[in-house]
Amino acid sequence: AGGICRKAAIVMKALIIGGGGFVGSYLARQLVQGCHWDTTVTKLPQEDVSVEGCEAYNLDILDRDAVEALLVRLRPDVIFHLAAQSSVAFSWKNPQKTVEINLCGSLNVLDAVRAIEDYAPRILLIGSGEEYGMLPPETELVGEDTPVHPGNPYAVTKAAQNWFGSLYARAYGMEIVMIRAFNHVGPNQTPQFVVSDFCKQAAEISLGLREPVMHVGNLSAKRDFTDVRDVVRAYALLAQHGRAGETYNVGSGTAVAIQEILTQIIAQSGAEIQVEIDPAKLRPVEIPVIRADISKLQQDTGWTPEIPLEQTIAETLDVWKQQLQK
């Protein structure tokens, strides 16, 4: 799957902004161990980033001066902007906070880069497949040119981030690559996301920590799921081979029904489990089927997903069981 990292005489310096989250730690490991890049992450004070060979700084992306000061100090060659309020459910409850973090925070990073003289790093802005939103009837495969119709406040902020990235790349000649990442899953994801939520519930039931009933939302929706370790490989490749000013879908190219994932999780848990619909888990706007056209990503980087969903589920279940037994 395409050379993950260039062999270069000069060691690349990477900065992951928002490295304290689920994806950040996987990306840091990929860059340090897979790419041998000099990697630094930013995090929130309450977050813990323990990736060997990776330095961490506390940073509030809403503090524009602090962002610029860190960039002046580190002068990374590549900036991966991951910091975000990424819960769709929270974005409905607090759209204003979501806008502040996802849009104002991103602009703080872009404008800080612009303010530094003789500095032109490669910047990856991480967006979401949620940007596509409500698709025209009979459309389920989405390419980067598919018009976006964001269907929730989180998706609106990510679409706006994408537009700003595209605008700044054109207007100021900045090296910005935009990504629309579809659902990524894996061990240690928080249970506000569906696969981790189901795995946690199934692990609790199999360990006898709760009654054998799983509470679920809409099971008929079909989504494009990719293992987070495959996703961060794609990010590393796009940092090197992505074209400035362009948007890339990152996903598996396959849509899987939530019902199918639930069935797999229950089967792998080995427990007798009853399923109940929980109205609190239903979203105000739900898109029936969405999957990513990843041909542009594959063409430009040679990337292809390698970890099957069954393996991701098995490992996510195992990690939940280990954590719950502590």
- Just do the side chain to side chain donor-acceptor pair (under 3.5 Å) check on D227 and Y26 with the steps written out, would you? CA-CA 11 Å; D227 189 286; Y26 281 102; over 6 Å; no
- Go through the side-chain N and O atoms of T40 and E55 and say whether any donor and acceptor fall under 3.5 Å apart. no
- For Y154, does its backbone N or O pair with a side-chain atom of T98 as donor and acceptor, under 3.5 Å? no
- Is there a donor-acceptor pair under 3.5 Å between the side chain of S269 and the backbone N or O of I266? yes
- Locate the shortest heavy-atom distance separating V41 from C54; write the atom from each residue and the value. CG1-SG, 3.6 Å
- Out of curiosity, Y132 OH to I290 CD1, how far, rounded to the nearest 0.5 Å? 8.0 Å
- Message: Any non-hydrogen side-chain atom of L71 less than 4.5 Å from a side-chain atom of I116?
- Response: yes
- Sub-3.5 Å donor-acceptor pair from the side chain of T301 to the main-chain atoms of L297, do we have one? yes
- Item | Salt-bridge criterion met for R243 and D300 (N-O under 4.0 Å) | yes
- Between D318 and K321, is there a side-chain N and carboxylate O pair less than 4.0 Å apart? no
- Item | side-chain contact (heavy atoms from CB on, under 4.5 Å) between L70 and V72, worked out | CA-CA 5 Å; L70 187 65; V72 166; over 6 Å; no
- Would you say the side-chain atoms of N188 and Q323 include a donor-acceptor pair closer than 3.5 Å? yes
- Task: May I ask you to check whether E315 and Q311 show a side-chain donor-acceptor distance below 3.5 Å?
- Result: yes
- Message: Could you check whether R180 pairs with E131 (Lys NZ or Arg NE/NH1/NH2 to Asp/Glu carboxylate O, under 4.0 Å)?
- Response: yes
- Check for a donor-acceptor pair, side chain of T226 on one end and backbone N or O of S252 on the other, with a separation under 3.5 Å. yes
- Mark yes or no: R223 above the aromatic ring of F182, with NZ or CZ under 6.0 Å from the six-membered ring centre and no more than 45 degrees from the axis. no
- Message: Given 3.5 Å as the limit, does a donor-acceptor pair link the side chain of Q264 with the main chain of Q259, or not?
- Response: no
- Message: Main chain of I61, side chain of N108: is a donor-acceptor contact present, judged purely on distance under 3.5 Å?
- Response: yes
- Message: Tell me whether S196 contacts the main-chain N or O of Q189 through its side chain, where contact means a donor paired with an acceptor under 3.5 Å.
- Response: yes
- Ionic contact status for R233 with D230, cut-off 4.0 Å: yes
- Task: Check whether any side-chain N or O of T312 sits under 3.5 Å from a backbone N or O of E310 as a donor-acceptor pair, and report yes or no.
- Result: no
- Side-chain heavy-atom pair F164, I176 within 4.5 angstrom cut-off: no
- Message: Just verifying a value: how many Å separate R29 CZ and E52 CD, rounded to the nearest 0.5 Å?
- Response: 11.0 Å
- Task: Go through V216 and L219 one step at a time and tell me if the side-chain contact (heavy atoms from CB on, under 4.5 Å) criterion holds.
- Result: CA-CA 8 Å; V216 303; L219 297 177; 3.9 Å; yes
- Classify the side-chain pair N102/K158 by whether it contains a donor and acceptor separated by less than 3.5 Å. no
- Flag for T254-D224: side-chain donor and acceptor within less than 3.5 Å: no
- What's the verdict on side-chain contact (heavy atoms from CB on, under 4.5 Å) for T39 and I16, showing C-alpha distance, side-chain angles and the deciding distance? CA-CA 8 Å; T39 304; I16 304 169; 4.0 Å; yes
- Query: Is a side-chain donor or acceptor of R122 paired with a backbone partner of G242 at a separation under 3.5 angstrom?
  - Reply: yes
- Query: When the ring planes of Y235 and H184 are compared, do they come out parallel, tilted or perpendicular, using 30° and 60° as the limits?
  - Reply: perpendicular
- Note on the structure: One should read off an interatomic distance between L207 CG and L324 CG, to the nearest 0.5 angstrom, of 6.0 Å
- Message: Under a 3.5 Å distance rule, please check whether E246 uses its side chain to pair with a backbone N or O of M178 as donor and acceptor.
- Response: no
- Spatial distance of atom CD1 (I294) from atom OG1 (T304) [nearest 0.5 Å]: 6.0 Å
- Note on the structure: By ring-ring contact (aromatic ring centres under 6.0 Å, His included), Y119 pairs with (sequence neighbours left out) none
